[in-house]
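Just below is one structure, and these are the notes that go with it.
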Amino acid sequence: MTDRGPGQILFHFVRYWTRRPVAADTGGEQGRLVLVCEAVHALSLRGTPATVNAIAHEIGIDQSGASRLIKSGAAAGYLVMAASAADGRRREASLTSAGRSMLDQAHRWQEDIFVQLTTGWSDKKRRDFQQAMTDLMERSYAMDA
């Protein structure tokens with residue numbers, strides 16, 4: 001048993017996984033590309049335009065860092081920047097088919113890791129955990145509003 005509370009355990013878990021390199025990505029570039037594509041994807045799921053500022057906020061970095069990540073994603077063929085349909089003065093990022101494919105592969109890897117981490121868990125325990133994390137994310141977004 002630990003003397004750390006559930007909040008401390010949650011943040012410990014997040015810190016561990018955010019600094020853990022993927023074995024095949026020793027330089028971290030692929031991880032950064034996944035990160036920026038995940039941000040664009042998450043924003044689009046919430047109906048939020050994927051502007052440089054929105055991506056910076058989603059990732060938790062400054063605007064210039066987000067701009068560099070977007071440029072790297074575009075150079076890799078995973079993202080495109082285009083004028084917004086709603087406001088032509090604003091530019092928005094979107095995933096290319098290669099970006100969606102790369103993200104699908106990253107999501108499969110994430111699901112595989114989850115299965116490994118939860119070996120021995122019942123399907124109910126996995127679903128309950130998924131629902132609890134979904135609830136936490138929804139509340140997190142509400143706190144940002």
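Every value quoted in this text rests on a predicted model; they were computed, and no experiment measured them. Throughout, residue positions are numbered sequentially from 1 according to the sequence presented. Note that these values count all heavy atoms, side chains included, but never hydrogens, waters or copies made by symmetry.
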Exercise for the section: Step by step, work out the side-chain contact (heavy atoms from CB on, under 4.5 Å) result for V34 and M102. Expected result: CA-CA 8 Å; V34 170; M102 182 271 296; 3.4 Å; yes

Euclidean distance, [Y] [atom2] relative to [X] [atom1], rounded to 0.5 Å:
X: L117; Y: F129; atom1: CG; atom2: CZ; value: 8.5 Å
X: K125; Y: Q130; atom1: NZ; atom2: CD; value: 15.0 Å
X: I55; Y: I70; atom1: CD1; atom2: CD1; value: 3.5 Å
X: L43; Y: E58; atom1: CG; atom2: CD; value: 4.5 Å
X: S101; Y: Q105; atom1: OG; atom2: CD; value: 7.0 Å
X: R4; Y: I9; atom1: CZ; atom2: CD1; value: 4.0 Å

Handout entry: Short side-chain donor-acceptor distance under 3.5 Å, S84 and E92
Key = yes

Exercise for the section: Give a yes-or-no answer on whether the side chains of H107 and E38 include a donor-acceptor pair shorter than 3.5 Å. Expected result: yes

Taking [Y] as the starting point, is it possible to reach [X] by hopping between hydrophobic residues whose side chains are less than 4.5 Å apart?
X: M133; Y: W121; value: yes
X: F114; Y: L136; value: yes
X: F13; Y: I113; value: yes

Exercise for the section: Show your reasoning for whether side-chain contact (heavy atoms from CB on, under 4.5 Å) applies to E29 and S72. Expected result: CA-CA 9 Å; E29 182 60 21; S72 293; 3.7 Å; yes

Problem - Stepwise side-chain contact (heavy atoms from CB on, under 4.5 Å) check, L95 with C37 - result: CA-CA 7 Å; L95 292 170; C37 288; 3.7 Å; yes

Handout entry: Flag side-chain contact, heavy atom, 4.5 Å: L79 against T96
Key = no

Handout entry: Side chains of Y16 and F11 in contact at under 4.5 Å (non-hydrogen atoms)
Key = no

So which atom in [X] and which in [Y] form the shortest heavy-atom distance, rounded to 0.1 Å?
X: A83; Y: G88; answer: CB-O, 3.8 Å
X: V40; Y: A50; answer: CG1-CB, 4.1 Å
X: A54; Y: P49; answer: CB-O, 3.4 Å

Fill in the blank from the handout: For residues 134-145, the side chain to side chain donor-acceptor pair (under 3.5 Å) pairs (sequence neighbours left out) are R46-Y141, Q131-D135

Exercise for the section: Report yes or no: does T48 contribute a side-chain atom to a donor-acceptor pair with the main-chain N or O of S44 at less than 3.5 Å? Expected result: no

Problem - Pairs where residues 48-90 contributes a residue and the test ring-ring contact (aromatic ring centres under 6.0 Å, His included) is met, not counting sequence neighbours - result: none

Practice task
Please identify each residue that fulfils side-chain hydrogen bond (donor to acceptor under 3.5 Å, both in side chains) with T118, with sequence neighbours left out.
Solution key: R126

Exercise for the section: For the pair N53 and Q63, evaluate side-chain contact (heavy atoms from CB on, under 4.5 Å) and give the outcome as yes or no after the intermediate values. Expected result: CA-CA 6 Å; N53 286 335; Q63 182 182 9; 3.3 Å; yes

Problem - Salt bridge K124-D128, side-chain N to carboxylate O under 4.0 Å - result: yes

